[in-house]
**Student:** 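Dumping the structure here so I can ask a few things about it.
All values below come from the heavy atoms of this structure, side chains included, with hydrogens, waters and symmetry mates left out.
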Amino acid sequence: MEASQSTFKSFLKRKDIEFSAKRYLQDALSAMALGLFASLLIGLIIKTIGEQSINLFGDTDIAKFLIKAGGAAGKQMGAAIGVAVAWGLKSPPLVMFASTITGMMGAELGGPAGSFVAVVIAAEFGKMISKETKIDIIITPMVTILIGAITAALVGPGVQKLMLGLGAVIMDATQWQPFAFGIFISIVVGWVLTAPISSAALCIMMGLSGLAAGAATVGCCAQMVGFAAISYKENGIGGVLAQGLGTSMLQVPNIIKNPWIIVPPTVASAIVGPLATCVFMMTNNPVGAGMGTSGLVGQIGTFTDMGFTMDVLVKVGLLHIILPVIISIIVDRMLKKAGKIKFGDYQLNL
């Protein structure tokens with residue numbers, strides 16, 4: 001028995017198959033976010049530019065082309081998720097290419113969540129069979145696609161229903177108790193963004209929209225611009241851009257060394273969250289909810305959902321950037337005076 005277990009473990013190691021939270025919740029889910037960004041999110045940006053061009057310059061051929069191109073990119077979300085997740089799982093080429101099919105099947109039957117699950121299970125089976133036969137070019141993609149199709153049909157609809165149900169509960173709760181859940185959602189989604197997990201993928205899978213999405217957005221913004229502002233002296237303009245337009249995930253190693261450094265942006269999240277839900281009535285769509293200021297997708301999503309007006313522009317500037325920066329700096333200085341944070345604690349290796 002022990003010998004067979006040892007042989008199986010050796011087989012999994014040889015195939016680079018690792019059953020762990022890190023592999024699936026960090027590596028695969030983060031890779032899924034890249035797939036979403038390269039398809040659905042970029043598609044939304046291109047489509048929005050086209051729609052705004054129509055508002056400004058009329059129904060031109062260029063505007064029509066942008067809207068068509070953006071819509072096409074969004075429709076290929078499943079294929080992009082497939083190849084991205086397979087890449088995150090370190091799949092061999094045939095498995096990765098076949099995963100474009102399993103990703104599309106999963107997305108068709110179970111949305112983004114169904115696509116993720118179908119690709120993960122199919123890719124791992126594909127990795128197991130890869131290069132184990134003399135007709136690898138036939139067997140490996142066949143196994144990957146068939147396992148993906150079965151998973152998509154059996155699991156996809158249930159996974160999508162579960163994720164959308166969770167999202168619906170969160171959105172209803174935010175409508176019911178906007179103050180409490182404004183704080184809760186802002187903090188939690190902001191933490192998820194900073195952690196090695198994709199907040200964008202989770203928000204899209206849950207279909208988070210409305211006030212809940214607005215709270216999620218400001219929470220993510222607070223983490224990103226908050227860290228960018230309070231670490232400026234250590235990291236310069238490069239650090240501001242990397243964190244403010246990239247990701248606050250860069251601070252994870254420093255947070256592990258000194259957990260106090262996450263307090264300033266978290267306090268900012270706790271303050272701007274209820275302001276977004278109770279005072280300014282900020283909303284967003286699932287695509288922009290978990291992005292914060294990364295590539296300005298959170299802001300584009302807000303304008304898409306609320307309209308591009310001067311009033312909305314002022315609200316976005318205040319809640320997404322100005323208040324998080326001010327609050328984070330104030331709390332950071334208080335903690336430095338108390339000796340909890342010292343110069344160099346935010347230093348990044350850029």
**Student:** Give a yes or no on this: more than 12 heavy atoms of other residues, nucleotides or ligands lie within 6.0 Å of atom CZ of Phe303.
**Tutor:**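 Count over threshold, so yes.
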
**Student:** Within a reach of under 6.0 Å around CG of Leu241, are more than 12 heavy atoms found that belong to other residues, nucleotides or ligands?
**Tutor:**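 Result for CG/Leu241: enclosed.
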
**Student:** Is it true that atom CD1 of Ile237 has more than 12 heavy atoms of other residues, nucleotides or ligands lying nearer than 6.0 Å?
**Tutor:**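 Yes, because the 6.0 Å sphere around CD1 of Ile237 holds more than 12 heavy atoms from other groups.
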
**Student:** Kindly give the heavy-atom pair with the smallest separation between Val272 and Ala222, and that separation in Å.
**Tutor:**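 That would be CG2-CB, 4.4 Å.
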
**Student:** Leu296, Leu34: one ILVMFWY side-chain cluster at the under-4.5 Å cut-off?
**Tutor:**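 Each belongs to a different hydrophobic cluster.
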
**Student:** For Gly111, does its backbone N or O pair with a side-chain atom of Ser115 as donor and acceptor, under 3.5 Å?
**Tutor:**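 No, Ser115 side chain to Gly111 backbone: no donor-acceptor pair under 3.5 Å.
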
**Student:** Atom CG of Asp345 and atom CD of Glu234: how far apart are they, to the nearest 0.5 Å?
**Tutor:**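 Atom-to-atom, Asp345:CG and Glu234:CD are 7.5 Å apart.
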
**Student:** Under a 3.5 Å distance rule, please check whether Ser186 uses its side chain to pair with a backbone N or O of Ser269 as donor and acceptor.
**Tutor:**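 Such a contact is found between Ser186 side chain and Ser269 backbone.
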
**Student:** Between Ala63 and Gly50, which heavy-atom pair has the shortest distance, and what is it?
**Tutor:**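 The pair with the smallest heavy-atom distance is CB-O, 3.6 Å.
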
**Student:** Please list all pairs passing the side chain to side chain donor-acceptor pair (under 3.5 Å) test where one or both residues lie in residues 90-108, with sequence neighbours left out.
**Tutor:**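 Sorted pair list comes back empty.
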
**Student:** Under 4.5 Å between side-chain heavy atoms, hopping through other hydrophobics if needed: is there a path connecting Val83 to Val120?
**Tutor:**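 No.
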
**Student:** So, do Ile255 and Trp260 sit near enough that their side-chain heavy atoms are less than 4.5 Å apart?
**Tutor:**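 Ile255 vs Trp260: side chains apart.
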
**Student:** Between Asp27 and Lys22 (salt bridge meaning N to carboxylate O under 4.0 Å), is one present in this structure?
**Tutor:**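 Salt bridge present between Asp27 and Lys22.
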
**Student:** Can you tell me how far CZ of Phe97 sits from OG1 of Thr140, rounded to the nearest 0.5 angstrom?
**Tutor:**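 Thr140 OG1 to Phe97 CZ: 12.5 Å, rounded to 0.5 Å.
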
**Student:** Can you list every side chain to side chain donor-acceptor pair (under 3.5 Å) pair that touches residues 324-335, not counting sequence neighbours?
**Tutor:**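 Matches after skipping sequence neighbours: Asp332-Lys336, Asp332-Tyr346.
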
**Student:** Decide side-chain contact (heavy atoms from CB on, under 4.5 Å) for Asn258 and Asn254; before the verdict, give the C-alpha distance in whole Å, the side-chain angles of both, and the deciding distance to 0.1 Å.
**Tutor:** CA-CA 6 Å; Asn258 182 7; Asn254 291 331; over 6 Å; no

**Student:** Just verifying a value: how many Å separate Thr266 OG1 and Ile261 CD1, rounded to the nearest 0.5 Å?
**Tutor:**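 One gets 10.0 Å once the value is rounded to the nearest 0.5 Å.
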
**Student:** Considering residues, nucleotides and ligands other than Phe57, do more than 12 of their heavy atoms fall under 6.0 Å from its CZ?
**Tutor:**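 No, CZ of Phe57 has 12 or fewer neighbouring heavy atoms, counting only those of other groups under 6.0 Å.
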
**Student:** With no hydrogens and no angle check, do the side chains of Thr194 and Gln251 hold a donor and an acceptor under 3.5 Å apart?
**Tutor:**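 Checked: Thr194/Gln251 side chains show no N/O donor-acceptor pair below 3.5 Å.
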
**Student:** Do Lys127 side-chain atoms and Leu89 backbone N/O form a donor-acceptor pair below 3.5 Å?
**Tutor:**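 Yes, because the side chain of Lys127 sits within donor-acceptor range (under 3.5 Å) of the backbone of Leu89.
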
**Student:** Is the shortest heavy-atom distance from the side chain of Val297 to the side chain of Ile42 under 4.5 Å?
**Tutor:**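 Result no, sub-4.5 Å side-chain heavy-atom pair not found.
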
**Student:** Go through the steps for Cys221 and Gln299 under the test side-chain contact (heavy atoms from CB on, under 4.5 Å), then give the verdict.
**Tutor:** CA-CA 10 Å; Cys221 291; Gln299 291 63 57; 3.5 Å; yes

**Student:** Determine whether Met205 and Leu29 make a side-chain contact, defined as any pair of heavy atoms from C-beta on separated by less than 4.5 Å.
**Tutor:**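 In short, these two side chains touch, coming nearer than 4.5 Å.
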
**Student:** Among Ser209, Cys203, Pro112, whose side chain to side chain contact (heavy atoms under 4.5 Å, CB included) with Pro286 holds?
**Tutor:**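 Going through Ser209, Cys203, Pro112 one by one, the side chain to side chain contact (heavy atoms under 4.5 Å, CB included) with Pro286 is satisfied by Ser209 alone.
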
**Student:** Can you measure from CG (Leu211) to CG (Asp172) and round to the nearest 0.5 angstrom?
**Tutor:**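 Between Leu211 CG and Asp172 CG, I get 11.5 Å after rounding to 0.5 Å.
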
**Student:** Per the side-chain hydrogen bond (donor to acceptor under 3.5 Å, both in side chains) rule, which among Asn284, Thr217, Asn285, Thr283 passes with Asp305?
**Tutor:**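 Single side-chain hydrogen bond (donor to acceptor under 3.5 Å, both in side chains) partner of Asp305 among Asn284, Thr217, Asn285, Thr283: Thr283.
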
**Student:** May I ask you to decide if Gly290's main-chain N or O and Ser199's side chain share a donor-acceptor pair within less than 3.5 Å?
**Tutor:**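 Such a contact is found between Ser199 side chain and Gly290 backbone.
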
**Student:** Nearest 0.5 Å, please: how far is OG1 in Thr60 from CG in Leu66?
**Tutor:**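 OG1 of Thr60 is found 8.0 Å from CG of Leu66.
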
**Student:** Are any of the side-chain heavy atoms of Leu318 and Phe280 separated by less than 4.5 Å?
**Tutor:**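 Leu318 vs Phe280: side chains touch.
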
**Student:** Any chain of hydrophobic side-chain contacts (each under 4.5 Å) joining Val279 to Leu323?
**Tutor:**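 Linked, Val279 and Leu323 end up in one cluster.
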
**Student:** Give the cluster check for Ile300 versus Met77: same hydrophobic cluster or not, with ILVMFWY residues linked at side-chain heavy-atom distances below 4.5 Å.
**Tutor:**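 Ile300 clusters together with Met77.
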
**Student:** Does any non-hydrogen side-chain atom of Ile81 lie less than 4.5 Å from one of Ser39?
**Tutor:**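 No. Closest side-chain heavy atoms not under 4.5 Å.
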
**Student:** Quick check: closest heavy atoms across Val218 and Leu319, and the distance to 0.1 Å?
**Tutor:**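 Closest approach of Val218 to Leu319: CG1-CB, 4.1 Å.
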
**Student:** Would Val159 and Phe116 satisfy side-chain contact (heavy atoms from CB on, under 4.5 Å), going step by step from the backbone distance to the final call?
**Tutor:** CA-CA 10 Å; Val159 171; Phe116 176 77; over 6 Å; no

**Student:** Is any side-chain heavy atom of Ile145 closer than 4.5 Å to one of Met105?
**Tutor:**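 They are in side-chain contact.
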
**Student:** Could you check whether any side-chain heavy atom of Leu40 comes within less than 4.5 Å of a side-chain heavy atom of Gln76, counting everything from C-beta outward?
**Tutor:**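 The answer is no, as the side chains (C-beta and beyond) never meet within the 4.5 Å cut-off.
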
**Student:** Once rounded to the nearest 0.5 Å, what's the spacing between atom CG of Leu94 and atom CG of Asp136?
**Tutor:**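 It is 5.5 Å, given to the nearest 0.5 Å.
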
**Student:** Under the side-chain contact (heavy atoms from CB on, under 4.5 Å) rule, what do Met282 and His320 come out as? Steps first, then yes or no, please.
**Tutor:** CA-CA 10 Å; Met282 300 294 289; His320 290 194; 4.0 Å; yes

**Student:** What are the two closest non-hydrogen atoms of Ala289 and Ala213, and how far apart are they?
**Tutor:**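 The pair with the smallest heavy-atom distance is CB-CB, 3.7 Å.
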
**Student:** Restricting to non-hydrogen atoms, name the atom on Ala216 and the atom on Ile185 that form the minimum distance, rounded to 0.1 Å.
**Tutor:**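 Closest pair (atom of Ala216, atom of Ile185, distance): N-CG2, 3.7 Å.
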
**Student:** Determine yes or no for a side-chain-to-main-chain donor-acceptor pair under 3.5 angstrom, with Ser231 supplying the side chain and Phe227 the backbone.
**Tutor:**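 It does hold such a pair.
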
**Student:** Treating Ile, Leu, Val, Met, Phe, Trp and Tyr as nodes and any side-chain heavy-atom pair under 4.5 angstrom as an edge, say whether Leu109 and Leu164 lie in one connected cluster.
**Tutor:**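 Different clusters.
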
**Student:** For Gly239, does its backbone N or O pair with a side-chain atom of Gln243 as donor and acceptor, under 3.5 Å?
**Tutor:**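 Yes, Gln243 side chain to Gly239 backbone: donor-acceptor pair under 3.5 Å.
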
**Student:** Would you say that Glu18 contacts Tyr24 through its side chain, given a criterion of any heavy-atom pair below 4.5 Å between the two side chains?
**Tutor:**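 No - every pair of side-chain heavy atoms lies 4.5 Å or more apart.
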
**Student:** Please find the pair of heavy atoms, one from Ile147 and one from Ala122, that lie closest to each other, and give the distance.
**Tutor:**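 Looking at all heavy atoms of both residues, the shortest contact is CG2-CA, 3.7 Å.
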
**Student:** Using 4.0 Å as the upper bound for N to carboxylate O, is an ion pair formed by Lys15 and Glu132?
**Tutor:**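 Salt bridge present between Glu132 and Lys15.
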
**Student:** Is the number of heavy atoms from other residues, nucleotides or ligands under 6.0 Å of Phe179 CZ greater than 12?
**Tutor:**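 Count not over threshold, so no.
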
**Student:** Check whether more than 12 heavy atoms from other residues, nucleotides or ligands sit under 6.0 Å from atom OH of Tyr232, and answer yes or no.
**Tutor:**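 Atom OH in Tyr232 is not crowded, with 12 or fewer foreign heavy atoms closer than 6.0 Å.
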
**Student:** Check each of Thr293, Val189, Val192, Thr247 against Cys220 using the side chain to side chain contact (heavy atoms under 4.5 Å, CB included) test, and report the only one that passes.
**Tutor:**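 With Cys220 as partner, Thr293, Val189, Val192, Thr247 yield a single side chain to side chain contact (heavy atoms under 4.5 Å, CB included), made by Val189.
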
